[in-house]
Amino acid sequence: MTSHPSSDYVRMGYEADVVLRLGMMLMGAGTSGYRVLRGMKRAARALGFDRLDANVGVTQITCTFHRGRDFRTVVAQQHSPAVDASRIEALEDLTHHRLYAGITAEELTKMLDVIEANVVKRWNRWLLAAAASIACASFAVLNFFTPLAILLVALAAFCGQLTRAVLHSKHVHQLGCIVAAGTVASLVYFFTTEAVAAAGVADPSEFSSGYVAAVLFLIPGFPLFSALIDLARFDFEAGLSRLTYALTVITAATFTVAL
């Protein structure tokens with residue numbers, strides 16, 4: 001005889017999938033593994049699970065849900081880590097203030113649907129490019145660059161960040177976006193400094209250190225900070241995976257600028 005799973009066991013699987021979706025949305029927005037796990041555990045308790053065991057990485061979550069003598073193990077993976085502070089804020093608000101004991105999986109699904117459909121990044125690509133430009137130029141100021149070098153750094157960073165944003169919107173691989181952005185920023189800085197030097201406006205030696213400042217927008221500060229949080233809590237699996245991701249990004253950017 002073929003045994004069929006009980007309706008309660010099937011229901012348990014649906015509820016587990018909803019909690020996992022919440023975790024994937026948090027992880028995909030770039031928050032630390034600790035926050036992902038904390039949000040998932042709050043949702044699991046609200047749905048009536050006794051315990052949740054989970055391993056959270058940069059692109060994958062593996063978790064087991066327990067209720068009485070029954071348990072369900074689910075795994076999910078995504079391939080494009082990113083940072084979205086607006087989505088993190090919305091999901092944190094949901095897990096802190098909108099969950100309650102006895103909430104149904106359908107209700108939680110609707111809440112996640114609303115966040116997924118309506119919560120978008122606050123700033124468009126032009127403003128983000130301008131912010132990257134100002135940040136890199138500020139670094140140049142702190143390192144006593146000449147006013148002209150600061151201006152060229154700002155221009156190069158603006159073009160590089162805009163390139164990365166455009167390619168990312170077209171779903172180009174993340175490392176490809178970084179390589180392209182670093183290449184554009186370096187070439188813009190190279191050609192503008194050559195033009196300035198050829199015009200006799202300034203000495204070319206004044207611009208030699210500007211390449212580093214022009215690509216500082218590629219440094220993954222958010223993943224590095226998240227890795228530090230996870231390592232501080234002795235969550236080495238999440239912390240080391242995030243640190244490896246950040247170092248991979250830095251290596252790609254460094255190699256591009258070196259070329």
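Atom set for the values below is all heavy atoms of this structure, side chains included, hydrogens, waters and symmetry mates excluded. As the structure is a computational prediction, the values presented were derived from the model and not from experiment.
Within the 3.5 Å criterion, the main-chain N or O of F217 finds a donor-acceptor partner in the side chain of R164. H96 contributes a side-chain N or O that, together with a main-chain N or O of E92, makes up a donor-acceptor pair within less than 3.5 Å. Between the N143 side chain and the F145 main chain, no donor and acceptor come within less than 3.5 Å of each other. Checked by atom type and distance alone, the side chain of S169 pairs as donor or acceptor with a backbone atom of V166 at under 3.5 Å. Checked by atom type and distance alone, the side chain of Q60 never pairs as donor or acceptor with a backbone atom of G57 at under 3.5 Å. The backbone N or O of T31 lies less than 3.5 Å from a partner atom in the side chain of R242, making a donor-acceptor pair. Put simply, the side chain of R67 gets close to the backbone of G48: a donor and an acceptor are under 3.5 Å apart. A donor-acceptor pair is defined here as one N or O able to donate and one able to accept, closer than 3.5 Å; no such pair exists between the side chain of D84 and the backbone of G30. The backbone N or O of G68 sits less than 3.5 Å from a side-chain atom of D50, completing a donor-acceptor pair.
Considering CG of L128 and CD of Q161, their distance stands at 6.0 Å, rounded to 0.5 Å. In this structure, S86 OG and I115 CD1 are separated by 11.5 Å, a value rounded to the nearest 0.5 Å. Between the OG atom of S226 and the OH atom of Y245 there is a distance of 10.5 Å, given to the nearest 0.5 Å. With rounding to the nearest 0.5 Å, the separation of NE2 in H173 from CG in L167 is 13.0 Å. Atoms CG and CZ, on D53 and F71 in that order, are 11.0 Å from each other to the nearest 0.5 Å. To the nearest 0.5 Å, the span separating CE on M12 from CZ on F49 amounts to 5.0 Å.
Residue F144 is found outside any hydrophobic cluster, as its side-chain heavy atoms come under 4.5 Å of no other Ile, Leu, Val, Met, Phe, Trp or Tyr. Cluster partners of L142, using a side-chain heavy-atom cutoff of under 4.5 Å among ILVMFWY residues and allowing indirect links: none.
Between C63 and M40, the shortest heavy-atom distance links the atoms SG-CE, 3.9 Å.
Under the 4.5 Å side-chain criterion, counting only non-hydrogen atoms from C-beta, V212 is not in contact with V257. Between R35 and T95, the closest side-chain pair of non-hydrogen atoms is not below 4.5 Å. A 4.5 Å side-chain heavy-atom check between L108 and L99 finds at least one atom pair inside the cut-off. Between L243 and L224, the closest side-chain pair of non-hydrogen atoms falls below 4.5 Å. Looking at heavy atoms from C-beta onward, L155 lies out of side-chain contact with S133 at the 4.5 angstrom threshold. The closest side-chain heavy-atom distance from M24 to M27 is below 4.5 Å. You'll find the side chain of V74 reaches within 4.5 Å of the side chain of F65, heavy atoms only. Looking at T192 and V196, their side chains never come closer than 4.5 Å, going by heavy atoms from C-beta outward.
Between the side chains of T64 and T73, at least one donor N or O lies within less than 3.5 Å of an accepting N or O.
Using a 4.0 Å cut-off between a side-chain N of Lys or Arg and a carboxylate O of Asp or Glu, R11 and E15 qualify as a salt bridge.
Residues V19 and I103 fall within the same hydrophobic cluster, defined by Ile, Leu, Val, Met, Phe, Trp and Tyr side chains chained together at heavy-atom separations under 4.5 Å. Residues L148 and F190 are members of one and the same hydrophobic cluster, defined by side-chain heavy-atom contacts under 4.5 angstrom among Ile, Leu, Val, Met, Phe, Trp and Tyr. The hydrophobic cluster containing L91 also contains V18, counting ILVMFWY residues as joined when their side-chain heavy atoms lie under 4.5 angstrom apart, directly or transitively.
Using cut-offs of 30° and 60° for the angle between ring planes, the W126 and F158 rings count as tilted.
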Residue pair L152, T193: steps toward the side chain to side chain contact (heavy atoms under 4.5 Å, CB included) verdict: CA-CA 7 Å; L152 298 183; T193 54; 3.7 Å; yes
